[in-house]
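Only this structure's heavy atoms are used, side chains among them; waters, hydrogens and symmetry mates stay out.
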Amino acid sequence: MVHELSVKMSDMTKSTASLKTVVGDKVYSVWLDMLRVLVPSGRTHRLAVVVAGMLQYATVLATKHKDVDEEESVAWSLVVATETPDPEEAEEFLMHLVQKLFRDAQVSPDRTSSKGVSYSIAEDAIQEFVRWESMSWE
């Protein structure tokens, strides 16, 4: 029973965790405004890079954040996600933050292609975040 409670509390913490704790109210507010304007008519491959850039910026700030060593904090999640080359593993640390960003902006990261295939700006953004330093031409 105690274990179930701790899992539920962890899930609750994840659902309320926000990049705002690392980047501050002003930056977060600008990001929300950007997403409200850009997402409805924006192209996924471009939006994914914008959101990945937001994550990169937040990660730079996270390395200096007071909670960076506190396991499962927002700062810790960002820094740990940079240590994996696997987008699926990075998703475990970042997806709740990216989903919260989209929820706070009141826009959906979920899309459906003209062929009826579902995909996600959030997933694509995390893939871009993981590949941020990759340059195939080098």
Side-chain angles (χ1 to χ4, degrees):
M1 186 72 151
V2 172
H3 181 264
E4 289 177 25
L5 180 61
S6 67
V7 170
K8 288 179 184 173
M9 291 298 285
S10 178
D11 290 344
M12 187 185 327
T13 302
K14 279 188 173 184
S15 69
T16 60
S18 172
L19 292 167
K20 184 192 313 188
T21 62
V22 173
V23 300
D25 291 336
K26 184 177 179 182
V27 169
Y28 196 73
S29 178
V30 169
W31 288 357
L32 297 181
D33 288 343
M34 289 172 61
L35 291 176
R36 281 186 202 109
V37 171
L38 298 175
V39 169
S41 62
R43 306 295 294 182
T44 299
H45 66 283
R46 289 184 171 87
L47 294 168
V49 174
V50 170
V51 175
M54 292 171 179
L55 291 171
Q56 287 293 330
Y57 177 78
T59 300
V60 170
L61 298 181
T63 61
K64 301 168 186 148
H65 199 268
K66 63 183 181 342
D67 292 340
V68 72
D69 294 324
E70 184 180 316
E71 193 168 326
E72 295 190 24
S73 70
V74 172
W76 179 87
S77 295
L78 287 162
V79 172
V80 170
T82 64
E83 297 172 359
T84 178
D86 180 6
E88 288 181 21
E89 189 176 338
E91 272 188 35
E92 293 176 30
F93 300 106
L94 299 177
M95 185 57 79
H96 65 284
L97 297 170
V98 176
Q99 288 174 336
K100 174 83 165 117
L101 178 68
F102 278 86
R103 267 194 319 273
D104 289 350
Q106 300 175 336
V107 293
S108 176
D110 301 319
R111 300 254 168 119
T112 304
S113 74
S114 59
K115 296 181 181 180
V117 177
S118 296
Y119 61 100
S120 169
I121 300 167
E123 288 176 6
D124 290 356
I126 293 170
Q127 290 177 14
E128 291 292 337
F129 172 81
V130 169
R131 294 190 309 249
W132 193 260
E133 298 293 329
S134 297
M135 292 181 259
S136 58
W137 57 88
E138 286 187 337

Looking at every heavy atom in both Ala17 and Lys100, which two are closest together, and how far apart are they? O-CG, 3.4 Å
Taking every non-hydrogen atom, the tightest pair across Val130 and Pro87: CG2-CA, 3.9 Å
For Val74 and Ser18 the tightest heavy-atom approach is CG2-O, 3.5 Å
Could you tell me whether the side chain of Ser73 and the main chain of Asp67 form a donor-acceptor pair under 3.5 Å? yes
Shared ILVMFWY cluster between Met34 and Leu97, side chains joined below 4.5 angstrom? yes
Kindly work out whether a path of hydrophobic side-chain contacts (I/L/V/M/F/W/Y, heavy atoms less than 4.5 Å apart) joins Trp132 to Leu61. no
Can you list the steps and then say if Tyr28 with Leu32 is a side-chain contact (heavy atoms from CB on, under 4.5 Å)? CA-CA 6 Å; Tyr28 196 73; Leu32 297 181; 3.8 Å; yes
So, does His65 use its side chain to make a donor-acceptor pair with the main chain of Thr21 at under 3.5 Å? yes
Quick one: pull up NZ in Lys20 and NZ in Lys26 and give me the separation to the nearest 0.5 Å. 15.0 Å
How would you list, by chain and number, every residue that makes a side-chain contact (heavy atoms from CB on, under 4.5 Å) with Arg111, sequence neighbours excluded? Val39, Thr44, Leu47, Tyr119, Ile121
Linking I/L/V/M/F/W/Y whenever any side-chain heavy atoms sit under 4.5 Å apart, do Val30 and Leu38 land together? yes
Spacing of Leu19 atom CG and Thr59 atom OG1 [to the nearest 0.5 Å]: 8.5 Å
Separation between CD (Glu123) and CE (Met95), nearest 0.5 Å, reads 4.5 Å
Heavy-atom pair with the smallest gap, counting every atom of Ala75 and Val22: N-CG2, 3.9 Å
Test log, rule side-chain contact (heavy atoms from CB on, under 4.5 Å), inputs Trp76 and Glu70: CA-CA 6 Å; Trp76 179 87; Glu70 184 180 316; 5.7 Å; no
CG-CD distance between Asp110 and Gln99, expressed to the nearest 0.5 angstrom: 8.0 Å
Which pair of non-hydrogen atoms, one from Ala125 and one from Ala52, has the smallest distance, and what is that distance? O-CB, 3.4 Å
Report the C-alpha distance between Phe102 and Val51 in whole Å, list the side-chain angles of each, state the deciding distance to 0.1 Å, and finish with yes or no for side-chain contact (heavy atoms from CB on, under 4.5 Å). CA-CA 10 Å; Phe102 278 86; Val51 175; 4.0 Å; yes
At what distance, to the nearest 0.5 angstrom, does CD of Glu89 lie from CD of Glu83? 9.5 Å
Looking only at heavy atoms, what is the nearest atom pair of Phe129 and Leu55, with distance? CD1-CB, 3.5 Å
Quick one, Leu101 with Met54, criterion side-chain contact (heavy atoms from CB on, under 4.5 Å). Give me CA distance, side-chain angles, the key distance, then yes/no. CA-CA 10 Å; Leu101 178 68; Met54 292 171 179; 3.9 Å; yes
Same cluster or not: are Leu94 and Tyr57 linked, directly or through other Ile, Leu, Val, Met, Phe, Trp or Tyr residues, by side-chain heavy atoms under 4.5 angstrom apart? yes
Please tell me whether Trp31 and Val49 are part of a single hydrophobic cluster in this structure, the criterion being side-chain heavy atoms less than 4.5 Å apart. no
Clusters formed by hydrophobic residues whose side-chain heavy atoms approach within less than 4.5 Å: which one holds Val79, and what are its other members? Val68
